[in-house]
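What follows is a set of notes on a single structure, which appears directly below.
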Amino acid sequence: MRKAIVAGNWKMNKTLDEAIALARSLRDLLDAVHHVDMVVCPPYPTLSGVSEILKGSPIGVGAQNMHWESQGAYTGEVSAKMLLTAGCQYVILGHSERRLHFGETDDGVRKKVVAALKSGLVPIICVGERLDEREAGRTEQVVAKQLRGAVGGLSAEELLRGIIAYEPVWAIGTGRAATPEMANEVHTFLRRLLRELHGEGVASAVRIQYGGSVTEENAASLLRQSDIDGALVGGASLKAESFAAIVRAGSEHTGG
Ligand code: PGA
């Protein structure tokens, strides 16, 4: 059975003091929660501080992006090694906000996924269709292209170390989550694609998170779906109580 994984994407929110306060609250609230992997992804300048607070707790730390090169003249970028030394175990890659506002391409995402895996970071690889693409009936085509683009060429062993996040762009930050059935349909499709790429062993083991307006109210019904193995949470991860409630829903997940 796949263990659920709930990650909080703090995006461009929280100063260092605020981030540390939130991490402390989460550590206290989630210390005794089991059977679920939990991760927070704060902004770069707060990673070391948050990692320090969460050391020895069950909560992992991730970044929201990274560069594929290991060092050099890339103003404004950070490397996998920098993230590792700041205490990260995970990194979100290919988030739709990066694709939309910062010109990230499938090929760039693939290079980052390869670099993350090589360094020992667990990539959380995001795919998802825009509203116009869904309305045009192109959802499967769009997410298939993104997934193939991001993981094409990886070995089965590498793919097994990654996590996929299905995040329909129209559901992010809108308060309009996909219905559990609608989300599960895409998750099942993505799993079928993984099966085609790497066989049953990989397809049945890789975890696929859902993201897009996940709240403490809708988390349980989403996480009950057969192919939904966790959540990538934006807005609701900024408040300790609501993120903790979503994590608890994850700990009761019985799917997969
Ligand atoms: P949201 O964001 O939960 O605020 O919709 C999710 C995400 O972008 O990862």
Side-chain angles (χ1 to χ4, degrees), residues 1-7 9 37 39 62 64-68 80 89-96 98-100 104-130 133-134 136-169 171-172 178 180-212 222-223 225-232 253 255-256:
M1 196 182 91
R2 297 180 295 270
K3 187 179 184 186
I5 175 163
V6 177
N9 174 6
D37 287 332
V39 184
Q64 300 169 19
N65 180 35
M66 56 169 246
H67 197 272
W68 56 80
Q89 303 90 39
Y90 297 84
V91 60
I92 298 172
L93 295 175
H95 190 281
S96 62
R98 303 264 351 140
R99 296 177 192 260
L100 182 67
E104 223 161 85
T105 61
D106 289 341
D107 191 49
V109 176
R110 185 186 52 77
K111 288 192 217 162
K112 292 177 182 196
V113 169
V114 170
L117 287 167
K118 208 162 131 197
S119 75
L121 286 167
V122 175
I124 298 178
I125 305 160
C126 303
V127 301
E129 82 288 1
R130 297 189 312 258
E133 293 167 331
R134 173 163 282 267
R138 295 182 53 231
T139 297
E140 293 191 351
Q141 194 184 329
V142 169
V143 297
K145 179 175 172 293
Q146 291 171 337
L147 187 65
R148 282 183 200 277
V151 306
L154 293 187
S155 68
E157 180 274 327
E158 287 171 321
L159 198 46
L160 280 170
R161 288 193 280 128
I163 291 161
I164 313 289
Y166 168 57
E167 297 206 305
V169 179
I172 295 178
E181 296 72 24
M182 201 191 260
N184 197 51
E185 208 172 289
V186 181
H187 283 231
T188 305
F189 171 76
L190 290 169
R191 207 174 292 290
R192 189 162 359 116
L193 198 61
L194 290 174
R195 192 171 298 125
E196 273 169 35
L197 291 170
H198 276 297
E200 183 56 35
V202 169
S204 60
V206 170
R207 294 179 289 181
I208 308 179
Q209 297 175 310
Y210 167 79
L222 284 159
L223 285 159
Q225 298 295 310
S226 59
D227 279 314
I228 300 184
D229 311 311
L232 182 52
H253 158 89

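For Glu185, the CD atom is loosely surrounded, since the number of other residues' heavy atoms within 6.0 Å does not exceed 12.
Of all the heavy atoms in Gly211 and Pro168, the pair that sits closest is O-CD, 3.3 Å. Of all non-hydrogen atoms in Asp229 and Arg207, the two that sit nearest each other are OD2-CA, 3.4 Å. Contact between Val169 and Ser96 at its shortest, heavy atoms only, is CG2-CB, 3.7 Å. Residues Leu222 and Ala178 approach most closely at CD2-O, 3.9 Å, considering heavy atoms.
Here the side chains of Val202 and Leu197 are not in contact, with every heavy-atom distance at 4.5 Å or above. Between Met66 and Leu93, some side-chain heavy-atom pair lies under the 4.5 Å cut-off. Considering only heavy atoms from C-beta on, Arg99 comes within 4.5 Å of Val109 through its side chain.
For the side-chain contact (heavy atoms from CB on, under 4.5 Å) test, residues two or more places apart in sequence or in another chain that qualify with His187 are Tyr166, Asn184, Ile208, Tyr210, Asp227, Ile228. Glu181 meets the side-chain hydrogen bond (donor to acceptor under 3.5 Å, both in side chains) test with no other residue; sequence neighbours excluded. Residues passing the ring pair (Phe, Tyr, Trp, His ring centres under 6.0 Å) test with His198: none are found, sequence neighbours excluded. Residues passing the side-chain hydrogen bond (donor to acceptor under 3.5 Å, both in side chains) test with Glu104, sequence neighbours excluded: Arg98, Lys112. Under the rule for a side-chain contact (heavy atoms from CB on, under 4.5 Å), the partners of Thr105 that lie at least two apart in sequence or sit in another chain are Asp107. Shown here are the side-chain hydrogen bond (donor to acceptor under 3.5 Å, both in side chains) partners of Arg161, two or more places apart in sequence or in another chain: Glu157. Scored by the salt bridge (charged side-chain N to carboxylate O under 4.0 Å, His left out) test, Glu129 finds Arg134 as partners (sequence neighbours excluded). With sequence neighbours excluded, the residues forming a side-chain hydrogen bond (donor to acceptor under 3.5 Å, both in side chains) with Glu200 are Arg195, listed by chain and number.
The main-chain N or O of Ile5 is found under 3.5 Å from a side-chain atom of Gln209 such that the two form a donor-acceptor pair. Under the 3.5 Å distance criterion, the side-chain polar atoms of Arg191 are left unmatched by any main-chain donor or acceptor of Ser204.
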Task: Steps toward side-chain hydrogen bond (donor to acceptor under 3.5 Å, both in side chains) verdict (Glu167, His95) - done: CA-CA 8 Å; Glu167 297 206 305; His95 190 281; 3.2 Å; yes
Mind listing the side-chain donor-acceptor pairs of residues 115-127 below 3.5 Å, one per line with the distance, residues two or more places apart or on another chain?
from, atom 1, to, atom 2, distance (Å)
Ser119, OG, Ala116, O, 2.7
Ser119, OG, Leu121, N, 3.4

Do any side-chain atoms of residues 136-149 form donor-acceptor pairs under 3.5 angstrom with protein atoms, and if so which ones, sequence neighbours left out?
from, atom 1, to, atom 2, distance (Å)
Lys145, NZ, Asp106, OD2, 3.0
Gln146, OE1, Gly128, N, 2.8
Gln146, NE2, Gly128, O, 3.4

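Distance check: Asn9 CG to Ile172 CD1 gives 8.5 Å after rounding to the nearest 0.5 Å. Distance check: Ile164 CD1 to Leu232 CG gives 12.5 Å after rounding to the nearest 0.5 Å.
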